[in-house]
Protein chains: 4
Amino acid sequence: MHSRTPAGRTGRPRSAAADTAILAATREALVELGWSRLSLGDVANRAGVAKTTLYRRWADKHELVVDAVAELFDALRLPDRGSLAADIEGVVLQFASILARPEARSGLMAVVAESTRDDALRERIRTSIVDRQKRLVVEGRARAQARGELPPRTDPAQVARTVDLIFDIVAGAVVHRTLVSAEPADEEWVRSFTRVLLLGLAGAEEAGAGEVEARAGQG
Amino acid sequence: MHSRTPAGRTGRPRSAAADTAILAATREALVELGWSRLSLGDVANRAGVAKTTLYRRWADKHELVVDAVAELFDALRLPDRGSLAADIEGVVLQFASILARPEARSGLMAVVAESTRDDALRERIRTSIVDRQKRLVVEGRARAQARGELPPRTDPAQVARTVDLIFDIVAGAVVHRTLVSAEPADEEWVRSFTRVLLLGLAGAEEAGAGEVEARAGQG
Amino acid sequence: MHSRTPAGRTGRPRSAAADTAILAATREALVELGWSRLSLGDVANRAGVAKTTLYRRWADKHELVVDAVAELFDALRLPDRGSLAADIEGVVLQFASILARPEARSGLMAVVAESTRDDALRERIRTSIVDRQKRLVVEGRARAQARGELPPRTDPAQVARTVDLIFDIVAGAVVHRTLVSAEPADEEWVRSFTRVLLLGLAGAEEAGAGEVEARAGQG
Amino acid sequence: MHSRTPAGRTGRPRSAAADTAILAATREALVELGWSRLSLGDVANRAGVAKTTLYRRWADKHELVVDAVAELFDALRLPDRGSLAADIEGVVLQFASILARPEARSGLMAVVAESTRDDALRERIRTSIVDRQKRLVVEGRARAQARGELPPRTDPAQVARTVDLIFDIVAGAVVHRTLVSAEPADEEWVRSFTRVLLLGLAGAEEAGAGEVEARAGQG
DNA sequence: GGTTAACCGAGACGGTACGTCGGGTCTTATA
DNA sequence: TATAAGACCCGACGTACCGTCTCGGTTAACC
């Protein structure tokens, strides 16, 4: 994570328990107070840790919250429900249920907001959250290809573009639905959304091959 | 907007110029400092206005920024480019270009983040930004129906559901692409995205009619 | 005191009560905690004042304590006990009794210690405390001259030198006795000290005249 | 000094060099930073020693500084300049020149300030500095008696009182002159001061004998 | 000549206070 | 009544030291 392990090996080693306690305390405080009222002094108190210990490990509020929130998304699993549509619906519902938790809602949005002015923070978000969860898309595609639901694809650049596009559509739609529109991403909505997504991808898949080749010929 | 016009009519009237100057100063400060470093004292200075004046009109930082940011999105127009796909691409590119402006990026995300803990703020965002821009989806559908690209729909509840879904997908994907994935929503990406969206909607439209009626019979 | 009255006349004026409360709180805290454990946050609390208010008026702990302590010495009066010796004994006993108060002891010495590294602070001490109390020596001499105990002196430079010398001897001896030697400056000690001082001054007065004239001829 | 020699005799003995290095580093830091900005971590760094080592030997900042400063005054010597007046002037000038050194100025005053709230510290100051230097007064009197400048005195209590009085007057006046009045204790000032002191003592000596006997009869 | 107990360096730890900054309220004089 | 100015209370910031505590490793005296 943040642990740029200190060069030397001397001195008292850092307490591993402190990290855990701090991140848990951060999530707890996010639930109770939200982002804007969360203070690092309070987090340190909750964690039973001195403020200095906290600052020794994280440069500021945002970096801390990225790590605290990132762990939440690691709970996401791609269930095997027999079909691509069902798999997607399953993972989207999980995602929605994480976003229903207050610490995820306000923590995630706050760091994204700050990352618009802080390249290091943006990179940290990408590394700790975004790229980490793209595994779900990759897994899902592989499983669908194994089932014969999707044709095997080999062009790596094209695969990467597609994975990114799917991820932006899925994550973006769910976040927007729950946080901006402030409507629940319930089973009905998820079914509608998944249908649109899969039909769109299927259609694009068919039409896309020739176009890509055509473009490759130009560039 | 915020102007709960004061009851009494006596005394010195509020300066109309102050509102404009404050909102402009807010956007300017957002560009330079981002959300977290923006301070109301500084905004008041830039606007050549006393802090008192500012607080008399907006309850706090977030309300002010919602108003300041909302104006940016009012510039969105639905261009008539001859086809639904082209129209969508046009408006999405506009949206992306607004999100490329730093005041929009950090302002929008910051108020969304705070709105996860503040119902009044969420409502204000919905009123001032979200619902206001859904007009684009409604207009686009109407134009496409006029062109014969889409069949006319009459069930108002179903229409509302579809409009909401489209808006969440479009806005969500563009925001996620630009702010979270931190990749440009350039012409190529917009073309890919639009193709997936339209094919998905077309497919769902065909398949959906019967299903909706069936569900309506149950509910 | 410290009040470099702000240039402009606009805005809310500074609370005069705050000054008084802060200085009183400072002395109270000095009594309870001593210099080193005295914190400005605590002083602000005791005074019922925000820390910012305190810092707006005093640059740091030392400046504040100089002002708080200086007031204590303004209580010194030169009693008319009928003879120069008795007058001196009276004022020295008063001085000793002020130095017996813990806020005076630790406050005074602490600012003197810091003033060895801070010219502005040293000047402040001189202005607020030292020069202010030299009035006692001047008064005492005048009264003794009126009684005929001392011959009238007119050379102002020589008078100033003598006043300074007397002040350094008196203040120095009492401070050293009470704070460094840590013995009480009780009546017996004060009587012995005063006898030495007066006999020394009388002798120097006799022998000094010619020498001074001689030096004046050279310079 | 501070070395409460550890009970057991086994194990690695303490480094003697560390003591020297630490005290020297303390004085060096006092010169550069003054008391208030002096930190023990910094002293340890300068001395090339771990903080642990420092704390194993001195309980806190004040105790350390007493020891560091006390050594400075051990350089005082009573010169034999042929007369009591000249001897006194000589030693007073030495004293003044030590007090001109920044480490002595701020170190001495700081520990005196703190000692007003700390009896152990006051005792340490008395032992390490005050009583240690009273030897100068005792020596000076003895030499003057040998020269026949002073009558031999035998009552030990009276002698002790006189030695204390002289020490308080001399040390107090010089300290006050240099640190509080912030004027130089130069040759001219020292000459004036010594004249007053000696004349005062001579007069008191003559007049005092009978009075002392009288008081002894009462007590 | 191995044991062993106290030493040493490094540096993390729980604390306390620092001096600053911003939020939002208030009190003036002026318009 | 609105305004500009600016003082006010409050609370958090991030930093600096304090004095304590672990570590791994080093000495010297004792056996």
Side-chain angles (χ1 to χ4, degrees), chain A residues 6 8-15 17-18 36-45 47-61, chain B residues 6-15 18 36-45 47-61, chain C residues 6 8-15 18 36-45 48-57 59-61, chain D residues 6-15 18 36-45 48-61:
Chain A
R9 83 212 72 245
T10 66
R12 178 173 173 174
R14 289 197 177 164
S15 157
S36 63
R37 266 170 291 278
L38 176 149
S39 78
L40 295 195
D42 181 51
V43 169
N45 279 345
V49 142
K51 237 191 335 167
T52 39
T53 297
L54 204 155
Y55 278 105
R56 206 174 286 118
R57 294 169 151 92
W58 287 277
D60 60 33
K61 209 167 149 173
Chain B
R9 83 216 64 216
T10 65
R12 176 172 173 177
R14 288 195 179 163
S15 155
S36 63
R37 269 168 290 278
L38 174 149
S39 78
L40 295 194
D42 181 49
V43 169
N45 279 344
V49 142
K51 257 205 300 180
T52 329
T53 300
L54 202 156
Y55 277 104
R56 206 173 287 118
R57 295 161 195 229
W58 287 275
D60 59 33
K61 203 168 154 175
Chain C
R9 84 214 69 242
T10 66
R12 178 173 173 175
R14 290 196 177 164
S15 157
S36 63
R37 267 169 290 278
L38 176 150
S39 77
L40 294 194
D42 181 52
V43 168
N45 279 345
V49 143
K51 236 186 344 165
T52 36
T53 297
L54 202 156
Y55 278 104
R56 203 174 289 117
R57 294 167 149 93
D60 60 32
K61 208 167 151 175
Chain D
R9 82 216 65 217
T10 65
R12 177 175 174 176
R14 289 192 179 162
S15 156
S36 62
R37 269 168 291 277
L38 175 149
S39 77
L40 294 196
D42 182 51
V43 169
N45 278 346
V49 141
K51 254 202 307 178
T52 331
T53 300
L54 202 155
Y55 277 104
R56 207 173 285 120
R57 295 161 195 229
W58 286 276
D60 60 32
K61 203 167 153 175

If you restrict it to nitrogen or oxygen atoms, what contacts under 3.5 Å exist between nucleotides 16-18 of chain F and the protein, and what is each distance?
residue : atom : partner : partner atom : Å
F:dC18  : OP1  : D:Leu40 : N            : 3.1
F:dC18  : OP2  : D:Leu40 : N            : 2.9
F:dC18  : OP2  : D:Gly41 : N            : 3.4

What closest approach, in Å, do B:Val49 and B:Ala18 show between heavy atoms, and which atom pair accounts for it?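 Closest heavy-atom pair between B:Val49 and B:Ala18: CG2-CB, 4.3 Å.
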
Where do B:Ala50 and B:Ala44 come nearest, in terms of heavy atoms and distance? C-CB, 4.1 Å

Quick one: pull up [atom1] in [X] and [atom2] in [Y] and give me the separation to the nearest 0.5 Å.
X: A:Leu40; Y: A:Asn45; atom1: CG; atom2: CG; result: 11.0 Å
X: A:Arg57; Y: A:Thr52; atom1: CZ; atom2: OG1; result: 10.0 Å
X: B:Asp60; Y: B:Tyr55; atom1: CG; atom2: OH; result: 8.0 Å
X: B:Lys51; Y: B:Ser39; atom1: NZ; atom2: OG; result: 8.5 Å

Whole angstrom is fine here: how far is it from [atom1] in [X] over to [atom2] in [N]?
X: C:Arg57; N: F:dA7; atom1: CZ; atom2: C1'; value: 8 Å
X: C:Asn45; N: F:dC8; atom1: CG; atom2: C1'; value: 15 Å
X: D:Leu54; N: E:dG11; atom1: CG; atom2: P; value: 17 Å

With sequence neighbours left out, the residues meeting salt bridge (Lys or Arg N to Asp or Glu O under 4.0 Å) with A:Arg37 are B:Glu114

Does a side-chain N or O from A:Arg56 land closer than 4.0 Å to OP1 or OP2 of E:dG14, or not?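 Indeed not, no polar side-chain atom of A:Arg56 lies that close.
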
Expected rows: protein N/O vs nucleotides 3-5 of chain E N/O, under 3.5 Å:
none

The side chain of B:Ala50 lies closest to which of these nucleotides: F:dA5, E:dG9, F:dC8?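 Nearest nucleotide to the side chain: F:dA5.
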
From E:dG9, F:dA4, F:dC8, nucleotide with atom closest to B:Val49 side chain: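 The listed nucleotide nearest to B:Val49's side chain is F:dA4.
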
